[in-house]
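Inspection log for the structure reproduced underneath, given as structure tokens.
When reading the values below, keep in mind they use all heavy atoms of this one structure, side chains included, and skip hydrogens, waters and symmetry mates. The chain is numbered in sequence order, starting from 1. Nothing here was measured: the structure is a model prediction, and the numbers come from that model.
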Amino acid sequence: MSQLKNCGIWRNFVPGFIFRAMLLFPPAKVNLGLHVVRKREDGYHDIETLFYPVPELCDILEIVRADSFGMRVYNASIEGENLCGKAWRLMAERYGIPPVEILLYKKIPMGAGLGGGSSDAAWTLRGLDMVFELKLPKDELASLAAELGSDCPFFIYDSPMIARGRGEILSPFEVPSLAGHEIRIFPQPDFVSTREAYAGISPHEPVHRLEEVLNLPVGEWRGLLVNDFETTVFAGHPALAAAKQALYDDGALYAAMSGSGSALYGIY
């Protein structure tokens, strides 16, 4: 199916008939810089980061009208109800949409800091909106996505975003210095839980303003564009620190861990 593109949409469409199925490609993301600024009274943390979509790495999501709700996941083992199922239940409660069957093929590694689960959930909302022609504004979809997870709202949009608060306060931000560069993602065998990443973290205001660093040439980001989680995660997983250095040795202009880990990426 040559018409299928990464981060794209294919509709089973026949003129005069309703959509019966939709195929979508939820993309991964990387974090360009990640500052843990403060701990909130509600137990969450305020962060500052730039979410950058990487459509070259994506899951495959199909939504099909059905008589009863069903969910199947391939290439991954997921305990409990998947976020895609929660997304359908949320839409069914708010807008009365009928059942669907959701088929999800995982290609984005789980627990890697690449946002795969959040992307799947957000794209389920987007797909349901299109299948049932609700025509909801993106801001309304983003508000729904925020009920599913802190970084879910970002995946309602298709562009880089500065994220603050828990990750749900978004501001569009282009990074012209990335033009002509390639982002390569390197999943790692080490598993890092979010709880582990936050353990021992010391929230603080960033030394360098994120927007100012991102406006510099990529070759100048090293040492200025920081992921605060690397300090705590690398202490417990020295192999990750070595893998990051290997990316620089291999010619990366900039390398970092994405999110709370454990995937690394290099910009070439």
**Request:** Any chance you could lay out the side-chain contact (heavy atoms from CB on, under 4.5 Å) test for Asn82 and Leu104, step after step, and finish with the verdict?
**Result:** CA-CA 10 Å; Asn82 182 272; Leu104 175 65; 4.0 Å; yes

**Side-chain donor/acceptor of Ser262 to backbone N/O of Asp190, under 3.5 Å** = yes

**Polar side-chain atom of Asp59 near backbone of Pro26 as donor-acceptor pair, under 3.5 Å** = no

**Prompt:** Quick one: does Thr49's side chain have a donor or acceptor within less than 3.5 Å of a partner on Ala163's backbone?
**Reply:** no

**Request:** For residues Tyr198 and Phe229, establish whether the separation of their ring centroids is below 6.0 Å.
**Result:** yes

**Request:** Evaluate side-chain contact (heavy atoms from CB on, under 4.5 Å) for Leu34 paired with Val226, printing each intermediate quantity in order.
**Result:** CA-CA 6 Å; Leu34 203 172; Val226 176; over 6 Å; no

**Message:** Determine whether Leu144 and Leu90 satisfy the following criterion, side-chain contact (heavy atoms from CB on, under 4.5 Å), listing intermediate values before the conclusion.
**Reply:** CA-CA 8 Å; Leu144 291 168; Leu90 181 60; 4.0 Å; yes

**Asked** When hydrophobic residues are tied together by side-chain contacts of less than 4.5 Å, even through go-betweens, does Met257 share a cluster with Val218?
**Response** no

**Request:** Indicate, with yes or no, if Leu24 and Val131 share a hydrophobic cluster defined by side-chain heavy-atom contacts under 4.5 Å among Ile, Leu, Val, Met, Phe, Trp and Tyr.
**Result:** yes

**Complete:** dist Phe234:CZ -> Gln245:CD (nearest 0.5 Å) comes out at 10.5 Å

**Request:** Give a yes or no on whether Lys107 atom NZ has more than 12 heavy-atom contacts from other residues, nucleotides or ligands under 6.0 Å away.
**Result:** no

**Request:** Test side chain to side chain donor-acceptor pair (under 3.5 Å) on Asp151 and Ser118 and set out the steps.
**Result:** CA-CA 6 Å; Asp151 58 353; Ser118 296; 2.5 Å; yes

**Asked** Any donor and acceptor pair, going by atom type alone, linking the side chain of Trp221 with main-chain N or O of Leu216 inside 3.5 Å?
**Response** yes

**Prompt:** Distance-only, no hydrogens or angles: does the Asn75 side chain make a donor-acceptor pair with backbone N or O of Tyr105 under 3.5 Å?
**Reply:** no

**Request:** Answer yes or no: is there a side-chain heavy-atom contact under 4.5 Å between His35 and Ile47?
**Result:** no

**Fill in**
Closest non-hydrogen contact found for Met71 with Gly85 is SD-N, 4.2 Å

**Request:** Would you check if the distance from the ring center of Phe69 to the ring center of Trp88 is below 6.0 Å?
**Result:** yes

**Asked** Can you tell me if Thr232 uses its side chain to pair, donor with acceptor, with the backbone of Ile201 under 3.5 Å?
**Response** no

**Item:** Electrostatic pair Arg38-Glu205, nearest N-O below 4.0 angstrom
**Value:** yes

**Message:** Using side-chain heavy atoms (C-beta onward) and a distance below 4.5 Å, is Pro160 in contact with Pro53?
**Reply:** yes

**Asked** Charged N to carboxylate O under 4.0 angstrom, Arg126 versus Asp158?
**Response** yes

**Asked** What's the shortest heavy-atom distance between Ser68 and Pro99, and which atoms?
**Response** C-CB, 3.5 Å

**Message:** With rounding to the nearest 0.5 angstrom, report the OG to CD distance, Ser177 to Glu220.
**Reply:** 9.5 Å

**Prompt:** What is the minimum heavy-atom distance between Gly266 and Leu247, and which atoms define it?
**Reply:** N-CD1, 4.1 Å

**Message:** Between Asp46 and Lys39, does any NZ, NE, NH1 or NH2 come within less than 4.0 Å of an OD or OE carboxylate oxygen?
**Reply:** no

**Message:** Just so I know, are the side chains of Leu134 and Met91 near enough to count as touching, which here means a heavy-atom distance under 4.5 Å?
**Reply:** yes

**Request:** Would you check, one step at a time, whether the test side chain to side chain donor-acceptor pair (under 3.5 Å) holds for Glu196 with His237?
**Result:** CA-CA 11 Å; Glu196 177 188 358; His237 300 268; 2.7 Å; yes

**Joint hydrophobic cluster, Leu114 plus Phe191, side-chain heavy atoms closer than 4.5 Å** = no

**Request:** Could you tell me whether the side chain of Ser119 and the main chain of Pro27 form a donor-acceptor pair under 3.5 Å?
**Result:** yes

**Message:** Would you say that Val213 contacts Asn215 through its side chain, given a criterion of any heavy-atom pair below 4.5 Å between the two side chains?
**Reply:** no

**Prompt:** Hey, mind stepping through Arg164 and Glu211 against salt bridge (charged side-chain N to carboxylate O under 4.0 Å, His left out) and telling me if it holds?
**Reply:** CA-CA 12 Å; Arg164 292 188 169 89; Glu211 290 91 338; 2.9 Å; yes

**Asked** So, Arg65 and Glu101, do they make that salt bridge, N to O below 4.0 Å?
**Response** no

**Pairwise side-chain contact, Glu140 with Ser143, heavy-atom cut-off 4.5 Å (strictly under)** = no

**Request:** Answer whether the closest heavy-atom distance between the side chains of Val64 and Leu103 falls below 4.5 Å.
**Result:** yes

**Prompt:** With a distance cut-off below 6.0 Å to the six-membered ring centre and an angular limit of 45° from the axis, does Arg184 pair with Tyr265 as a cation-pi contact?
**Reply:** no

**Request:** State the CG-CG distance between Leu148 and Leu125, to the nearest 0.5 angstrom.
**Result:** 5.5 Å

**Student check: side-chain heavy atoms of Val37 and Pro203 closer than 4.5 Å** = no

**Message:** Applying salt bridge (charged side-chain N to carboxylate O under 4.0 Å, His left out) to Glu147 and Arg94, what does each step give before you reach the verdict?
**Reply:** CA-CA 12 Å; Glu147 298 184 38; Arg94 298 290 170 84; 2.8 Å; yes

**Request:** Establish whether Val36 and Leu225 are linked, either directly or via other cluster members, by ILVMFWY side-chain heavy-atom contacts under 4.5 Å.
**Result:** no

**Fill in**
Between Glu62 and Ala21 the two heavy atoms that sit nearest each other are OE2-CB, 4.1 Å

**Prompt:** Under 6.0 Å from the six-membered ring centre of Tyr44 and within 45° of its axis: does the NZ or CZ of Arg166 meet both?
**Reply:** yes

**Message:** Taking Gly113's backbone N and O only, do any of them form a donor-acceptor pair with Lys29's side chain (distance below 3.5 Å, no angle check)?
**Reply:** yes

**Request:** Rounded to the nearest 0.5 Å, what's the gap from CG on Leu264 to CD on Gln188? Could you check?
**Result:** 4.5 Å

**Asked** Do Phe51 and Phe154 have ring centres separated by under 6.0 Å?
**Response** yes

**Asked** If you round to the nearest 0.5 Å, how far is CE of Met161 from CG of Leu50?
**Response** 10.0 Å

**Asked** Do Val54 and Phe186 share a hydrophobic cluster (ILVMFWY, side-chain heavy atoms under 4.5 Å, transitive)?
**Response** no

**Request:** Take Trp123 and Leu128, measure what side-chain contact (heavy atoms from CB on, under 4.5 Å) needs, and give me the verdict at the end.
**Result:** CA-CA 8 Å; Trp123 278 76; Leu128 292 169; over 6 Å; no

**Prompt:** CG of Leu224 to CG of Leu210: how many Å apart, nearest 0.5 Å?
**Reply:** 11.5 Å

**Request:** State, to 0.1 Å, how close Ala122 and Cys152 come at their nearest heavy-atom pair, and which atoms those are.
**Result:** CB-O, 3.5 Å

**Message:** Tell me if a side-chain donor or acceptor on Thr124 pairs with a main-chain N or O of Asp120 at a distance below 3.5 Å.
**Reply:** yes

**Asked** Would you call Glu168 and Pro153 a side-chain contact if the rule is heavy atoms closer than 4.5 Å?
**Response** yes

**Asked** Would you find a donor on one side and an acceptor on the other, under 3.5 Å apart, between the side chain of Tyr268 and the backbone of Leu253?
**Response** no

